[in-house]
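Working notes, structure below.
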Amino acid sequence: MEVNRRTARSLVSKLSSVSEQTRSEALSELRLITKQDSDSRSIIAEAGAIPYLSETLYSSSHESQENASATLLNISISSKDSLMSTRGLLDALAHALRHHATSTSPLAVQSAAATLHSLLIVDSYRSIIGSKRDIVYSLIEIIKTPNSPPRSVKDSLKALFGIALYPLNRSTLVDLGAVPALFSIVLKDGRVGIVEDATAVIAQIAGCEESEAEFSRFSGVGILVDLLDLGTGLSLRIKENSVAALLNLVRSGGERVIEEVREMAAVVVEGIEEVAVAGSSKGKSKAVALLKVIDGRLNNGNTKFESLLDHSS
């Protein structure tokens, strides 16, 4: 262990070298070590690497950006507190994301978004990261940009999902244009995994009051209902997310949205029933709740769909 500490201190000291080659070699080695040896991550963090790695995200060298961001991602797996307590870390990640289409390497963008997703696993970090509008805006811009690499889009969606898990962040997502960007992916992107991730974020955003008007502007209920049509052959996860989104809209919206969901979703009852029978435990209970809405007796029980509760426990 002491050998590892000496190695970490030596490599970190090289990050402040005036020699670009020395810094580059140290970054490359730190990336490799943190990838291969999980025990090294906290040691390297304790040795003071994180401020140097954060600063390197501003570098014009794509290789340095990639090595630094990948190392931060690796460290985030084991030492989340060390990253979040480092002054300027979130600003550096925001910088990398903000310049996704210009000066930041695509691989560095992916690692930066994935680092955020890793940090957002911790409940208490969601409000902190979600308050950084620059981060939220940049993630939305990545998923909006037509030529963004698929991995960048997927990692950004995962980060947005983590942000949306904190209820007070959802209005920020609406305000910064997440809704049209997400529905655009659903309508235009044929990659199943990306559509699954997009609908997962949509389901979370639907749980805020501000979502009702925005979903209405972009025919959100109609799009979600179409995803439940058995004829589409879409994945069960997409259907689960659609059910969750419709139910969240009903719960957070007024009577108008309840009637809209009830009327439009009535034509895809079979798709909702599929989730009620074959979905995850959460998916099953939400599907049954949505079926009750459609049946017109919200939360009154004794509906013709009540037998499906046997499958949702």
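Worth knowing before you read on, the calculation uses all heavy atoms, side chains too, and leaves out hydrogens, waters and symmetry mates.
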Just by modelled atom types, is the Glu20 backbone N or O under 3.5 Å from a matching donor or acceptor in the Ser24 side chain? no

Could you tell me the separation between the CG atom of Leu72 and the CG atom of Leu53, rounded to the nearest 0.5 Å? 4.5 Å

Would you call Arg256 and Glu259 a salt bridge, using N to O less than 4.0 angstrom? no

First locate atom OG of Ser281, then atom NZ of Lys286, and finally report the distance between them rounded to the nearest 0.5 Å. 10.0 Å

Between Thr199 (side chain only) and Glu196 (backbone N and O only), is there a donor and an acceptor less than 3.5 Å apart? yes

How many angstroms lie between CG in Leu182 and CG in Leu187, if you round to the nearest 0.5 Å? 11.0 Å

Atom OG in Ser211, atom CG in Leu249: separation rounded to 0.5 Å? 5.0 Å

Taking the side chain as everything from C-beta on, heavy atoms only, tell me whether Ile205 gets closer than 4.5 Å to Val174. yes

Residues Ser59 and Ser64: closest non-hydrogen pair is OG-CB, 4.0 Å

Side-chain heavy atoms under 4.5 angstrom apart, residues restricted to Ile, Leu, Val, Met, Phe, Trp, Tyr: same cluster for Tyr137 and Leu168? no

Once side-chain hydrogen bond (donor to acceptor under 3.5 Å, both in side chains) is applied, what residue pairs with a partner in residues 180-193 remain, sequence neighbours excluded? Asp189-Arg191

Look at the side-chain heavy atoms of Ile, Leu, Val, Met, Phe, Trp and Tyr, link any pair under 4.5 Å apart, and say whether Leu230 and Leu236 land in one connected group. no

So, does Lys158 use its side chain to make a donor-acceptor pair with the main chain of Ala114 at under 3.5 Å? no

Hey, mind stepping through Ser105 and Gln65 against side-chain hydrogen bond (donor to acceptor under 3.5 Å, both in side chains) and telling me if it holds? CA-CA 7 Å; Ser105 156; Gln65 293 172 6; 4.9 Å; no

Restricting to pairs with a member in residues 127-154, which pass salt bridge (Lys or Arg N to Asp or Glu O under 4.0 Å), not counting sequence neighbours? Asp91-Lys132, Arg98-Asp134, Arg133-Asp175, Glu141-Lys144, Arg151-Asp155, Lys154-Asp197

Tell me, do Glu255 and Ile258 make a side-chain contact under 4.5 Å, heavy atoms counted? yes

Any heavy-atom pair between the side chains of Leu11 and Leu15 that's under 4.5 Å? no

Tell me if a side-chain donor or acceptor on Arg170 pairs with a main-chain N or O of Gln204 at a distance below 3.5 Å. yes

Just so I know, are the side chains of Ile202 and Leu224 near enough to count as touching, which here means a heavy-atom distance under 4.5 Å? yes

Rounded at 0.5 Å granularity, tell me how far OG in Ser124 sits from CZ in Arg126. 9.0 Å

For the residue pair Ser76 and Ser118, what are the closest heavy atoms and their distance? OG-OG, 3.0 Å

With a 4.5 Å heavy-atom cut-off, do Ser38 and Ile77 have their side chains touching? no

If hydrophobic clusters are built from ILVMFWY residues whose side chains come within less than 4.5 Å, do Leu73 and Leu57 share one? no

One pair to check against side-chain contact (heavy atoms from CB on, under 4.5 Å): Leu160 and Ile140. What are the steps and the verdict? CA-CA 8 Å; Leu160 286 169; Ile140 294 170; 4.2 Å; yes

Testing Ile223, Ile238, Asp226 for side-chain contact (heavy atoms from CB on, under 4.5 Å) with Val186, which one passes? Ile223

Counting neighbours of OH on Tyr125 that are heavy atoms of other residues, nucleotides or ligands and sit closer than 6.0 Å, is the number greater than 12? yes

Between Thr104 (side chain only) and Ala96 (backbone N and O only), is there a donor and an acceptor less than 3.5 Å apart? yes

So Phe183 and Phe215, would you call those rings parallel, tilted or perpendicular, with 30° and 60° as cut-offs? perpendicular

Run the side-chain contact (heavy atoms from CB on, under 4.5 Å) check on Leu90 and Ile128 step by step: do they pass? CA-CA 10 Å; Leu90 293 179; Ile128 299 170; 4.1 Å; yes

Within the 4.5 Å heavy-atom criterion, are Asn241 and Arg237 side-chain neighbours or not? yes

Determine yes or no for a side-chain-to-main-chain donor-acceptor pair under 3.5 angstrom, with Thr34 supplying the side chain and Asn74 the backbone. no

Can you check whether Gly222's main-chain N or O pairs, donor with acceptor, with Ser219's side chain at less than 3.5 Å? no

Scanning both residues in full, the closest heavy-atom pair of Gly253 with Glu212 reads CA-OE1, 3.3 Å

Identify the heavy atoms of Ala113 and Leu139 that sit nearest to each other, and give their distance. CB-CD2, 4.2 Å

So OG of Ser82 and CD1 of Ile44: to nearest 0.5 Å the spacing works out to 11.5 Å

Take Thr232 and Leu227 through the side-chain contact (heavy atoms from CB on, under 4.5 Å) test and state the conclusion after the steps. CA-CA 7 Å; Thr232 63; Leu227 296 177; over 6 Å; no

Counting distance only, does the side-chain N/O of Glu240 pair as donor-acceptor with the main-chain N or O of Ser280 below 3.5 Å? yes

Heavy-atom count around Lys35 NZ within 6.0 Å, excluding the residue itself: above 12? no

Heavy-atom distance under 4.5 Å between the side chains of Lys239 and Val243, does that happen here? no

Check against side-chain contact (heavy atoms from CB on, under 4.5 Å), Asn4 and Asp39: CA-CA 9 Å; Asn4 290 345; Asp39 292 336; 5.6 Å; no

Group every Ile, Leu, Val, Met, Phe, Trp and Tyr by side-chain heavy-atom contacts under 4.5 Å, then state whether Leu176 and Leu97 land in the same group. yes

ILVMFWY cluster, Val269 and Leu234 together (side-chain gap under 4.5 Å): yes

For Gly130 against Ile163, the heavy-atom pair lying closest together: CA-CG2, 4.1 Å

Quick one, Phe161 and Leu165 - any side-chain contact, counting heavy atoms below 4.5 Å? yes

Counting N and O atoms only, with roles assigned by atom type, does the side chain of Ser111 sit under 3.5 Å from a partner on the main chain of Ala108, one being a donor and the other an acceptor? no

Any donor-acceptor pair under 3.5 Å linking the side chain of Ser28 with the backbone of Glu25? no

If every non-hydrogen atom of Thr115 is compared with every non-hydrogen atom of Leu83, which pair is closest and at what distance? CG2-CD2, 3.8 Å

